[in-house]
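To start, the structure under review is shown below, and the notes come after it.
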Amino acid sequence: MTVKTIDQPGTLVEQARDLKEANEPAISQGNLVLAGVGGQGIIMASNIISLACLESGLDVKKSEVHGMSQRGGTVVSHVRFGHEVHSVMLEPKQAEWIIALEWEEGLRFLEYLKPGGVAFMSTERRIPPTAFADRLGGKIDYALGAGVPRGVVPVDTYAVAGEAAAERPVIAQTVLLGALSVDMGLSQETWREAIAATVPPKAVQANLIAFENGRTWYERWKKTTGSKLGSSVKANDIQQPEGVSPGVSLGGSSNGPSASASASVKDWRGGAPRIEVIRDWCKGCNICVIVCPERVLSLDRFDIVVASKPDRCTACGLCARLCPDMAIEIWVDTPAHVGTGGE
Amino acid sequence: MRLIQGNEACAEGAIAAGCRFFAGYPISPSSEIAEAMARMLPRHGGVFLQAEDELASLGAVLGAALGGTKAMTATSGPGFSLMQEHIGYGYLAEIPCVVVDVMRGGPSTGLPTQPSQGDVMQAQWGSHGDRAAVVLAPVGVQEVYDLTIQAFGLSETLRMPVTLLFDEVVGHMREGVDLAMDDPMTFGGRPRPSQPAGPSFRPYKANAAGVAELPDFGRGYRFHVTGLMHDERGFPTTDTSVVAALLERLENKAQAAKELVTPETYLMDDATLVLVAYGITGRTAKAAVDALRSRGIRAGLWRPRLLWPVQDEMLRGALQNAEMVVVAEMNRGQWAREVERVTTGSAILRPLLVAGGATITTEEMVGHVLDALEAPGIASPDRVSRGGTGPYANRSSAGAVALESKVVE
Amino acid sequence: MSTVMDTDTAVHGAAGGSVAITGKEKRLLRHAMMPHMLCPGCGHGIVLDAMLSVLSERYEDLDNVAFVAGIGCSSRIIGYIDACTLHTAHGRPLSFATGLKLARPDLTVVVITGDGDGLSIGGNHLIHAARRNVDLTCVLLNNEIYGMTGGQAAPTTVLGAYTSTTPLGNTQHPFDAAELAKAAGATFVARSQSYRPQVFGELFSQALDHVGFSFLEVMSDCTEYFGRTNRFGEGADMLMGQARYEPSIDADLARIPTVEPVTIKQPVRPVLPIGVLHRSSRLTLEETLGIEGGRSSGVADGKLDDAVQRMDG
Ligand SMILES: Cc1ncc(C[n+]2csc(CCOP(=O)(O)OP(=O)(O)O)c2C)c(N)n1
Ligand code: SF4
Ligand code: SF4
Ligand code: SF4
Ligand SMILES: [Mg+2]
């Protein structure tokens with residue numbers, strides 16, 4: 001299968017059309033990464049996809065990687081399908097699609113996205129794990145001013161789900177699956193059956209609605225915002241179709257950021273998080289080292305904490321919050337071109 | 001002029017002095033103070049709190065005082081014992097308040113309804129560590145009123161707990177009292193900070209009088225108050241020189257009370273026999289002076305209103321021409337030790353010590369003096385201590401051997 | 001819940017510079033006093049930070065917030081807060097705080113106490129503060145031991161646990177502090193953990209908002225004594241060990257699980273419910289006293305006169 005290096009997110013469909021025209025099956029093979037945090041329904045979503053593929057006569061392999069055992073830890077699943085699939089694990093830049101139920105997790109797994117692939121990412125944000133009763137979150141609460149990384153489709157899953165969202169949290173995944181189904185091209189019926197067979201019986205109806213809403217939303221999105229992708233995306237360009245509230249929360253600024261987009265993860269984040277250690281305060285208790293989900297920190301030979309793998313830091317803040325000595329601060333650089341409207 | 005009880009006079013004095021917070025726990029013979037405060041405070045916009053115990057009482061008083069209110073508690077021996085830790089706290093943290101102890105017989109539950117002067121030493125030494133106490137001892141109802149006001153003046157000015165010590169008889173006695181208010185402001189009141197708020201603010205930096213200029217809580221200053229030894233910033237320290245200087249300053253500032261409270265002297269000009277007595281005993285002693293004078297004995301009375309710190313210089317001056325000094329107190333010898341310390345070598349000491357729940361009568365005093373003047377070993381009433389092994393046992397009517405050998409030259 | 005998350009995780013700061021994800025609470029610290037005196041890994045430090053986080057979201061400065069504490073490692077944390085802080089005597093902070101609050105109802109008064117301070121020597125004051133429903137927020141840091149004095153048994157130490165005074169294992173049953181406060185009349189009772197600063201933050205916020213006596217117990221870790229003596233591991237292990245509360249946590253922070261039985265042979269730290277355990281409403285002490293703006297408005301004069309007459313007979 002040839003994949004164009006594309007500037008248009010819709011191209012997979014177009015490509016599929018091309019392929020169809022060439023008398024090949026609409027989708028013969030593909031790779032997905034599904035990411036999120038525990039309890040969000042990642043496994044269920046990957047089960048639905050797998051089932052839909054199987055029902056369509058394709059071979060499927062699926063992996064599940066749970067991060068930390070605690071509730072709220074990272075969960076990632078790889079799904080590969082095709083006429084015959086051998087290896088289960090994906091390598092970076094191999095996934096045509098990413099489904100992220102949590103924004104940060106999506107960003108972390110973006111490196112798996114193939115050039116030209118599409119990442120459907122929920123704008124829901126949950127704070128990582130361990131220390132918290134739940135990764136209860138909000139939407140991303142900073143401006144998407146530096147642009148959305150190339151290939152990312154930000155989805156306010158609850159808003160898109162509409163009334164079906166009352167069933168949260170299991171609903172968000174079917175919204176994203178609805179969007180995915182537009183590009184993946186398996187038959188509607190197959191998807192619906194796979195959903196009905198997987199989700200709890202009493203949630204079937206709501207999930208089907210969510211699936212449908214996701215599908216419609218994404219079709220409209222492609223016509224409006226999506227068509228602009230590839231040139232530049234501004235957060236306030238990401239228009240939502242009528243009747244659907246914005247897919248992206250713009251943080252505190254109603255004007256929205258005015259910065260032009262640049263499309264790398266780093267820029268989007270506003271640069272790598274900065275970990276500041278007040279060495280005089282650190283007592284070397286090792287708590288931060290253990291609790292950091294990304295294993296960023298370690299103790300030096302003086303038993304004082306250092307960020308030995310700073311580029312892995314997701315700025316989750318866990319280390320700082322659980323440091324009994326207040327010896328860690330987490331900072332994020334905002335690029336100079338990100339302004340807030342009012343200033 | 002109103003006919004009121006000593007305990008009521010104490011409450012009246014407190015209100016007159018501006019006390020607007022009282023917390024206490026019922027105990028005889030002090031409960032009437034709490035009851036009177038419960039009635040009066042709401043009318044004056046103050047707060048009365050019946051606490052769960054004496055620790056809570058004084059704790060609440062100290063908290064209220066830090067909030068900027070003049071505050072008081074009242075109790076008796078057992079409760080006073082429980083309060084000792086907080087008294088030390090208030091002293092070290094420099095929080096003004098007034099603690100009233102209406103003494104009853106002890107130790108332990110002792111004699112709940114009978115008078116005593118047994119808490120004199122406790123009032124000074126009851127709390128652990130080195131501490132200078134300021135303790136006032138009124139003689140009657142009018143003086144309860146006056147000294148309550150004075151106690152507030154002292155505690156505010158010096159920023160420390162001040163104790164008002166009287167006994168069951170004074171507490172329950174009714175007398176005509178002139179409730180004209182002394183001007184409580186003659187003391188200058190609670191020192192306020194002269195430095196601005198901010199990071200360099202030092203709440204425990206002392207003024208010229210050696211008193212910390214602590215602000216009230218919640219008035220724009222942020223600071224730390226602790227019962228740990230602290231530096232001028234109020235932060236804990238174990239620096240020995242800082243701690244030593246702090247203890248010295250606190251002790252020195254309390255000495256100012258010596259200048260502010262005057263003793264009562266009666267016929268002292270030519271007295272060679274001086275009765276030293278305080279509180280209710282001071283009354284009897286005054287009558288005894290008259291009785292002794294009528295017998296041709298040049299007797300006089302020196303009655304301290306301030307028991308602690310002891311006005312050494314004044315006392316020494318007053319006793320310098322005395323040939324015999326009789327300290328009369330309702331305990332087994334407490335303040336007598338101080339008199340002994342001050343008068344070393346200059347006069348014969350013949351304490352009259354009565355512990356057991358009775359007051360000392362004029363006749364007893366006169367008899368005691370006459371006995372003492374004649375010869376050792378002459379009988380005096382039974383309940384006057386003479387036998388036993390107490391510190392002053394052999395210095396009362398029964399012998400005074402030890403002292404005599406020391407003073408006869 | 002999400003409100004707390006929003007605030008706690010808010011990225012703040014100006015455009016085009018660095019924004020702090022964490023560390024904003026440090027402006028409420030007494031920097032001159034840092035680093036603090038707690039042992040490495042001590043849970044009390046986490047609680048201090050979590051408390052400051054909440055306060056930094058609520059207040060510009062702490063001019064009108066007073067902290068009153070007793071004696072103990074837990075109580076020591078107030079010394080690091082740039083507010084009016086009153087470090088009282090062992091067990092007595094609630095007494096001081098009650099007086100302060102009645103004299104100055106305009107102040108927000110927060111009491112910090114330990115399990116020894118608040119339940120043993122100060123247990124009487126706790127139940128009476130709860131009974132009176134005085135408008136205070138009392139945070140009790142429960143590390144199941146006397147930390148400051150070197151690891152003796154506390155009234156919260158579970159049966160069988162080893163401490164320096166229970167070399168053969170603790171023989172006394174522990175208190176359930178939250179149940180005690182509730183029974184005594186506290187109108188807001190909650191329990192939290194140092195392990196979940198976010199949950200603590202939410203509950204602390206609610207406790208501050210509550211009018212009346214609010215009692216918040218925080219399970220904390222004494223790494224130095226309780227952890228070592230009982231071989232619970234290092235700070236991180238003890239902290240992770242608090243995950244045992246997991247089943248007790250519900251989204252609405254109010255589900256109460258059954259407490260696991262404890263045998264005397266083996267110290268098992270119980271699973272206690274986390275969250276808001278009780279909430280009720282009744283007159284506060286300030287209300288019953290008729291206190292307004294720092295001064296008692298006084299009982300209506302007539303009523304008082306009647307009362308006086310009644311008493312005078
Ligand atoms: C009247 C009195 N008794 C005993 C002590 C000694 N003491 C200081 S702290 C403490 C126990 C503190 O335990 P807790 O309140 O649980 O605090 P932690 O150190 O465990 O945080 C004791 C017994 C004291 N300071 N005062
Ligand atoms: S270093 Fe801290 S902020 Fe960064 S990922 Fe680890 S725990 Fe999170
Ligand atoms: S948690 Fe804090 S004190 Fe402990 S090692 Fe990490 S930085 Fe140091
Ligand atoms: S002794 Fe225990 S409670 Fe105290 S500071 Fe150390 S670890 Fe914390
Ligand atoms: Mg403890």
Side-chain angles (χ1 to χ4, degrees), chain B residues 20-21 23 35 38-71 73 85-86 88-90 93 95 97 197 199-200 203 215-228 230 233-236, chain C residues 30-33 37 61-66 68-69 71 76 78-79 81-104 106-109 121-122 124-125 127-129 131-132 285 289-291 294-299 301 304 307-308 311-312:
Chain B
R20 290 299 175 266
F21 186 89
E35 289 162 1
R39 278 188 266 180
M40 284 193 281
L41 274 171
R43 284 190 225 238
H44 290 88
V47 173
F48 170 85
L49 178 74
Q50 181 169 331
E52 58 271 27
D53 59 29
E54 284 83 355
L55 291 143
S57 306
L58 188 48
V61 160
L62 291 170
L66 257 185
T69 307
K70 288 183 188 163
T73 183
E85 189 186 3
H86 283 353
Y89 184 92
I95 306 174
C97 68
S200 59
D216 299 333
F217 263 25
R219 297 283 186 230
Y221 289 83
R222 299 192 290 270
F223 61 104
H224 190 53
V225 176
T226 177
L228 288 164
H230 45 266
R233 298 173 303 170
F235 295 163
Chain C
R30 277 194 179 120
H31 285 265
M33 294 278 284
M37 47 79 73
D61 58 50
L62 299 178
D63 277 359
N64 293 312
V65 186
V68 186
I71 300 292
R76 274 294 191 97
I78 66 158
I81 306 175
D82 191 18
C84 288
T85 49
L86 176 56
H87 180 223
T88 69
H90 191 29
R92 320 295 170 199
L94 280 164
S95 312
F96 281 69
T98 302
L100 177 62
K101 181 68 184 179
L102 294 182
R104 293 292 302 280
D106 57 310
L107 297 180
T108 299
V109 181
I121 191 166
N124 198 26
H125 306 313
I127 57 176
H128 287 279
R131 170 176 72 86
R132 294 184 185 113
L285 180 61
L289 282 171
I291 295 175
R295 289 276 163 249
S296 161
S297 61
V299 189
D301 256 350
L304 192 70
V308 170
M311 283 189 271
D312 287 348

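Below, all heavy atoms of this structure are taken into account, side chains as well, without hydrogens, waters or symmetry copies. The structure presented is a predicted model; accordingly, all values stated were derived computationally and were not measured. To find a chain, count down the sequence lines: A is the first, B the second, and so on, and within it residues start at 1.
The backbone N or O of Gly59(B) sits nowhere less than 3.5 Å from a side-chain atom of Arg92(C) that would complete a donor-acceptor pair. Listed for the His224(B) side chain is no donor-acceptor partner under 3.5 Å among the backbone atoms of Gly234(B). Arg30(C) places a side-chain N or O within donor-acceptor distance of the main-chain N or O of Ala83(C), the cut-off being under 3.5 Å.
Most heavy-atom pairs under 4.5 Å with chain B: of the set His128(C), Arg131(C), His125(C), this distinction falls to His125(C). Ranked by heavy-atom pairs under 4.5 Å with chain C, the first of Phe235(B), Phe48(B), Phe217(B) is Phe217(B). When the candidates Met33(C), His90(C), His31(C) are compared by the number of heavy-atom contacts under 4.5 Å with chain B, Met33(C) comes out ahead. Interface remark: of the candidates Leu62(C), Thr88(C), Thr108(C), Thr88(C) forms the most heavy-atom pairs closer than 4.5 Å to chain B.
With sequence neighbours excluded, the residues that form a side-chain contact (heavy atoms from CB on, under 4.5 Å) with Met37(C) are Arg76(C), Tyr80(C), Met148(C).
The two residues Ala65(B) and Asp216(B) make their nearest non-hydrogen contact at O-OD1, 4.5 Å. Heavy atoms only, all atoms of each residue included: Gly90(B) and Leu62(B) are closest at CA-CD2, 4.0 Å.
With a threshold of 4.5 angstrom between heavy atoms, Phe21(B) approaches chain C through side-chain atoms but not through N, CA, C or O. Of the atoms belonging to Ala56(B), heavy atoms from both backbone and side chain fall under 4.5 Å from chain C. Residue contact with chain B, scored on non-hydrogen atoms closer than 4.5 Å, involves the side chain of Leu285(C) exclusively. Looking at Tyr89(B), only its side chain comes within 4.5 Å of chain C, counting heavy atoms on both sides. Using a 4.5 Å cut-off between heavy atoms, Glu52(B) touches chain C through backbone and side chain atoms alike.
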Which donor-acceptor pairs under 3.5 Å do side chains of residues 96-103 of chain C form with protein atoms, sequence neighbours excluded?
residue   : atom : partner   : partner atom : Å
Thr98(C)  : OG1  : Leu94(C)  : O            : 2.6
Lys101(C) : NZ   : Pro105(C) : O            : 3.3
Lys101(C) : NZ   : Leu107(C) : O            : 2.7

